[in-house]
Amino acid sequence: MASPTLPFLEPIENLRAQIRELEHASAGSKPSAALVKTRRVLASTIDSVFSSLTPYQRCQVARHPDRPYTLDYVKALFSEFTELHGDRRFADDPAVIAGFAVFDGDPVAVVGHQKGRDTTAKLYRNFGMPRPEGYRKALRVMELAGRYRRPVISFIDTPGAYPGIDAEERGQAEAIAFNLMEMARLPVPIIVVVTGEGGSGGALGLGVGDRILMLEHAVYSVISPEGCAAILWKDQARAEDAARALRLTAKDLKELGVTDEILPEPGGGAHMDPQAMAKTVEAAVRRNLKQLRRVRPDTLVVRRYKKYREMGMVTVR
Amino acid sequence: MTAQTEGVPKGLWIKCDACREILYHREVSANLDVCPRCGYHFRIGAARRLDLLFDNQRYKKFFGRIQSADPLNFVDSSPYRDRLKTYNRKYSGSDGVVVAQGEIEKQGAVVAAMEFGFMGGSMGSAVGEKITRAIERCLDRKLPLIVVSASGGARMQEGILSLMQMAKIAAGLARMRDRRIAYISVLTDPTTGGVTASYAMLGDVNIAEPGALIGFAGPRVIEQTIRQKLPEGFQRSEFLLEHGMLDLVVPRQELKATVARCLKFFR
């Protein structure tokens, strides 16, 4: 919890620290009156801060350094996770994880972006920004899932695909494009969970599916608010305006027909109670998987096509 | 997205962007908007592109009435709605792409030529819808599809819906593969962002014009990320060919004949 606090979350963090102290003081005995009162203040503070979050603040919650990452959900939702590595072409990309796991007793494939928690891990995971190898590794595992009729659960949490020389040289665009096409015709259920940042094409490269679930404070956008502000407002400091204009919150995406379901977060965000969050995700995955397992593979692919076919809004003059 | 305009500017004399040579306008135009001195390929619009590809410059256009709406009520320095109006007036409704059917060396084909002048050829719902309809037309009539890309990427003003056009078109292309309907991608200057990361890289054959900027991230974004200057020729057609991302780099004069030869293979 040594991470720098976002200004608008400071009152919450301060109260949490107070509560920890009070809990420590009254350990083993009945909660003190002060503790009970502070807990009540915390609840109402969370309510007031989170009921008026601006879209840009929501982006910051989605990027919160304590937010649960893909491997945290993997640990909570699945058993027997067997991580697989490498794209069989060039390298293993630690910004993407992929592998086999067991959900409710049945084998499934899991893929997702992975961010690092501390500085070393952040660098190792390249801040969750995949190179082409990451997309190709994930696809390799998804194709195995397709062949052995195992559903795919994909966790989305990335600032974007890595914009570097090596990534371009090895075909970042082709890697993402190819995933979009192959995921569109994978003959098994694909459930996508946007847990944090849905960073444009870098997110979509693992994000085509039958059900798109989004955590309440997750965001998903064609471009980061900072990037959009720099281009359209010529001023990166206008990110607040850009975030509002882009309509990138879970609620926005639901209204725009891109997200199927919003998964409510614990008070104050997923990082306040990762276990409760994982339970919610687990229940949603279970429910959706149960429905999708009943659908024949070819019907699944036809419905997936129709789902994306309908996205967008045009006028016919 | 670059602010450069496409095509050879009007006027009797023009200066080549690459070799700085002063050229006679009609000479460049007769040379398919390629500099006769250094071979630099000027950007050209969708109409000119269709004229160059189809036999006798004859083709039937489709879906010209489809235009982007303003799903987000997007406003930056000016409302997106107003921008659309201006561009629609200037390009008579060819929002980002023009789809047409005709013959290429006597072989029927559908061509979707992107209009870079229309908001940097950016891909919003209209581009997504028109290319998807082009794909569906090809599936229905068993016709090959050629998409000529020229785009800065997804259109920010339509937010997430622009991004989803990548998935929508890629899903259509998956159907084409399954049904063995050919798709040729022609990449021209510039092809970047979400367009490259979807249909532009998914051709059964990927052909580029010489010297075109092609990439996922824009050069400026990469420079800012890695904090160093990019090597000469980085993200140009020849660089991509060398790295195995393209099948061919073909000068504009040979493009039609090359496309026609490929179509023969797929017939």
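Letters go in sequence order (proteins before strands), and every chain restarts at 1. Note that these values count all heavy atoms, side chains included, but never hydrogens, waters or copies made by symmetry.
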Look only at the side chain of R65(B) and the backbone of R317(A), and say whether a donor-acceptor pair between them is shorter than 3.5 Å.
yes
Can you say whether L202(B) sits under 4.5 Å from chain A via the side chain, the backbone, both, or neither, judging by heavy atoms?
side chain
Show your working on side chain to side chain contact (heavy atoms under 4.5 Å, CB included) between K130(B) and V314(A) and close with a plain yes or no.
CA-CA 10 Å; K130(B) 284 192 275 189; V314(A) 294; over 6 Å; no
Between V258(A) and chain B, which part of the residue has a heavy atom less than 4.5 Å away: side chain, backbone, both or neither?
side chain
Closest heavy-atom pair and its distance - A177(A), M201(B):
CB-CB, 4.2 Å
What part of E223(B) gets within 4.5 angstrom of chain A, counting heavy atoms only: side chain, backbone, both, or neither?
neither
Compare every heavy atom of L256(A) with every heavy atom of P71(B), then report the nearest pair and how far apart it is.
O-CD2, 4.4 Å
Contacting region of Q67(B) [heavy-atom separation from chain A under 4.5 Å]:
both
Could you tell me which portion of I226(B) (side chain, backbone, both or neither) has an atom closer than 4.5 angstrom to a non-hydrogen atom of chain A?
side chain
Test side chain to side chain contact (heavy atoms under 4.5 Å, CB included) on T225(B) and Y162(A) and set out the steps.
CA-CA 9 Å; T225(B) 308; Y162(A) 181 59; 4.2 Å; yes
When the 4.5 angstrom heavy-atom criterion is applied to T315(A) and chain B, the contacting part is both
Using heavy-atom distances under 4.5 Å, tell me whether L246(A) contacts chain B through its side chain, its backbone, both, or neither.
both
Using a strict 4.0 Å threshold on nitrogen-to-oxygen distance, state whether E129(B) and R309(A) make a salt bridge.
yes
Could you walk me through whether D70(B) and M313(A) pass the side chain to side chain contact (heavy atoms under 4.5 Å, CB included) check?
CA-CA 8 Å; D70(B) 178 17; M313(A) 195 200 271; over 6 Å; no
Using non-hydrogen atoms only, which part of T196(B) is less than 4.5 Å away from chain A: side chain, backbone, both, or neither?
both
Looking at NZ of K168(B) and OH of Y305(A), how far apart are the two atoms once the value is rounded to the nearest 0.5 Å?
8.5 Å
Against chain B, label I223(A) side chain, backbone, both or neither, depending on which of its atoms sit under 4.5 Å from a heavy atom there.
side chain
Given heavy-atom pairs under 4.5 angstrom as the criterion, report whether the side chain, backbone, both or neither of N88(B) touches chain A.
neither
Between V222(A), T259(A), L253(A), V219(A), which is the residue that forms a side-chain contact (heavy atoms from CB on, under 4.5 Å) with I160(B)?
L253(A)
Side chain, backbone, both or neither: which part of R170(A) has an atom under 4.5 Å from a heavy atom of chain B?
backbone
Nearest heavy-atom pair of L232(A) and S77(B): which atoms, and what distance?
O-OG, 4.5 Å
Over all heavy atoms of both residues, which pair between S198(B) and L180(A) is shortest? Give the atoms and the distance, please.
CB-CD1, 4.1 Å
So what's closer than 4.5 Å to chain A heavy atoms on Q224(B): side chain, backbone, both or neither?
neither
Bottom line for F239(B): the part with an atom under 4.5 Å from chain A's heavy atoms is side chain
If you compare all heavy atoms of G312(A) against all heavy atoms of S125(B), which two are closest, and at what distance to 0.1 Å?
CA-OG, 3.4 Å
Counting only heavy atoms closer than 4.5 Å, note whether L248(A) contacts chain B via side chain, backbone, both or neither.
neither
When rounded to the nearest 0.5 Å, the distance separating OG of S200(A) from CZ of F216(B) is 6.0 Å
Which atom names give the shortest non-hydrogen contact between E168(A) and A217(B), and what distance separates them?
OE2-N, 2.8 Å
When only pairs under 4.5 Å are counted, which of Q235(B), M164(B), E158(B) shares the most heavy-atom pairs with chain A?
M164(B)
Heavy-atom distances under 4.5 Å only: say whether M245(B) touches chain A with side chain, backbone, both or neither.
side chain
Counting C-beta onward and ignoring hydrogens, is there a side-chain heavy-atom pair between L163(B) and Y220(A) closer than 4.5 Å?
yes
